[in-house]
Amino acid sequence: MTRDNLRAFGDQLRGDLIRPGDAEYDDARAVWNGMIDRLPAAIARCAGTDDVLATVAYARDNALPLTVRGGGHNVSGSAVSDDGVVIDLSRMDAVHVDAARRRVVAGGGATIGDVDRVAQEFGLAVPLGLVSKTGIAGLTLGGGLGWLRRAYGASCDNLVAADVVTATGERLHASETENPELLWGLRGGGGGLGVVTSFEFRAYPVPPQVSFALVFHPWHDAKAALQHYREWADTAPDDVSSFAILWHAPAIDEIPGEYHHQPVVVYAAVHCGDRAEARSDLSPLRDFGNPIADLSDAVPYAEVQQLFDEDYPAHIMRYYWKSLYLTGLDDAALETMRSLNEISPSPHSTLDVWQLGGAFCRVAPDESAFGDRSAPFLLGIEANWEDPADDEANIAWARRVHEAMSRFSTGAEYLNFPGFFEDGEQSLLRKSVGANYARLSDLKGKYDPQGLFALRGGFS
Ligand SMILES: Cc1cc2nc3c(=O)[nH]c(=O)nc-3n(C[C@H](O)[C@H](O)[C@H](O)COP(=O)(O)OP(=O)(O)OC[C@H]3O[C@@H](n4cnc5c(N)ncnc54)[C@H](O)[C@@H]3O)c2cc1C
């Protein structure tokens with residue numbers, strides 16, 4: 001890379017080329033996780049596929065590390081690298097709905113909120129994640145689990161087509177009939193096969209308001225509350241997707257002051273079906289024990305998708321997330337989680353038990369790159385904290401939980417909660433996609449033989 005060829009490259013773009021020293025540089029290089037502080041050589045804020053093609057060619061021809069930024073929300077900061085070139089898709093965020101066919105097409109830089117907003121105008125929803133600022137790209141390429149996972153599957157299960165720019169500069173359309181093997185790989189294989197400039201999803205009608213349950217239990221009832229959740233989750237209908245969360249109560253008016261910042265067990269669930277059925281399906285969660293707060297309500301779908309946004313502020317907080325698929329929730333597993341939540345160094349951290357099953361588990365392991373769906377629960381280990389001085393303690397806590405809970409796991413992990421890829425990109429990929437690893441590696445060899453696109457991006 002020389003000053004002259006960088007200038008010539010910038011002149012070629014319809015979008016912006018942002019370089020060190022430019023006024024927007026610090027904002028453009030910042031990603032969601034406040035721990036990440038990387039200094040790319042250039043950020044191409046692409047205006048369209050032509051800009052993506054030009055940037056791929058520039059990085060390839062100058063042997064520069066290349067990363068892709070969808071929503072910038074990967075906890076590992078894989079969207080940016082030191083001294084590399086970033087393809088920033090944030091301007092490519094248009095969303096179009098074909099209501100008659102129940103299809104939604106979204107640009108590679110769209111966020112969940114962008115899709116929800118437009119799809120909801122037609123009474124439709126795409127199964128995406130829980131926090132509206134997250135990018136649909138990284139989410140879908142790694143799987144995509146949200147409030148509709150048990151009713152309609154993961155985001156990647158509802159990806160019906162994609163437009164891709166490959167490392168060699170080809171523009172490919174992937175669908176069931178055109179490059180179907182590429183589509184298979186994009187469904188949960190983690191990306192790394194090219195830049196997806198647009199995603200086409202199946203969408204589903206959701207009622208104007210969905211039923212949301214949010215119930216806080218005091219810590220002295222934690223064991224019974226978790227056991228009750230285990231029994232209920234086993235029989236809950238597919239219209240419900242839920243969590244049991246081990247957390248520390250936030251200091252909000254609805255929770256009595258003596259519980260603020262104290263450990264709690266929280267039930268959180270969304271029912272996307274009929275309101276009367278929802279009332280009875282969710283009543284076991286609402287009627288159990290003596291909760292300290294029940295914030296359940298009927299909520300517009302787009303609103304439920306934003307309820308946790310403020311718990312995950314961008315740039316200012318520090319995050320380290322890992323995961324394990326659990327074989328079940330026996331008493332020893334519950335007790336291990338209970339004791340580890342008590343010693344979490346940060347009140348913002350959580351242990352999230354994601355209820356799986358339903359439509360999510362009815363996809364065969366080889367049907368998409370995502371892999372095996374048989375685990376009944378996913379444990380999300382979220383270390384979330386504020387002070388850089390606490391980095392070591394919080395990362396150590398998350399790793400300790402991961403190690404202690406491993407004996408209750410299938411051995412598989414969720415690609416979208418990758419820690420810092422510290423055990424190696426291929427090791428995590430192998431654990432995530434399981435028996436699909438060899439088939440995915442063949443695809444990588446076909447579409448990105450030089451390894452231009454790394455899953456872990458620029459982490460060093
Ligand atoms: C606050 C928060 C909430 C979350 N909630 C959920 C949730 O509810 N469910 C869930 O399943 N996950 C959830 N996640 C995890 C999330 O799915 C991943 O962090 C995901 O990588 C975010 O996608 P992104 O586009 O924002 O990421 P980015 O950091 O922009 O990208 C991540 C990686 O994806 C690849 N990539 C991005 N865009 C493209 C593209 N267009 N083409 C090719 N490759 C691309 C790149 O390799 C990049 O390194 C959450 C994360 C956060 C931070």
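In listed order, ligands and their atoms are each counted from 1.
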Just heavy atoms, cut-off under 4.0 Å: does [X] contact ligand 1 by side chain, backbone, both, or neither?
{"X": "F308", "value": "neither"}
{"X": "W32", "value": "side chain"}
{"X": "Y414", "value": "side chain"}
{"X": "I136", "value": "neither"}
{"X": "L141", "value": "side chain"}

ask   = Is R399 positioned over the aromatic face of F420, cation under 6.0 angstrom from the ring centre and no more than 45 degrees off axis?
value =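 Geometry flag: not set, cation outside 6.0 Å or 45°.
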
ask   = Are R14 and D50 within salt-bridge range, i.e. N to O under 4.0 Å?
value =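 The answer is yes: the pair qualifies as a salt bridge.
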
request  = Could you point out which residue of F370, Y152, W147 forms a ring-ring contact (aromatic ring centres under 6.0 Å, His included) with F360?
outcome  = F370

request  = Report, in ascending order of atom number, the atoms of ligand 1 lying under 4.0 Å from any heavy atom of G70.
outcome  = 25 (O), 30 (O), 37 (C), 38 (N)

task = Check whether any heavy atom of F453 sits under 4.0 Å from an atom of ligand 1.
result = no

query = Angle class for the W32/H73 ring planes (parallel below 30°, perpendicular above 60°, tilted otherwise)?
reply = parallel

request  = On the 0 to 90° scale, with breaks at 30° and 60°, tag the F417-Y414 ring pair as parallel, tilted or perpendicular.
outcome  = perpendicular

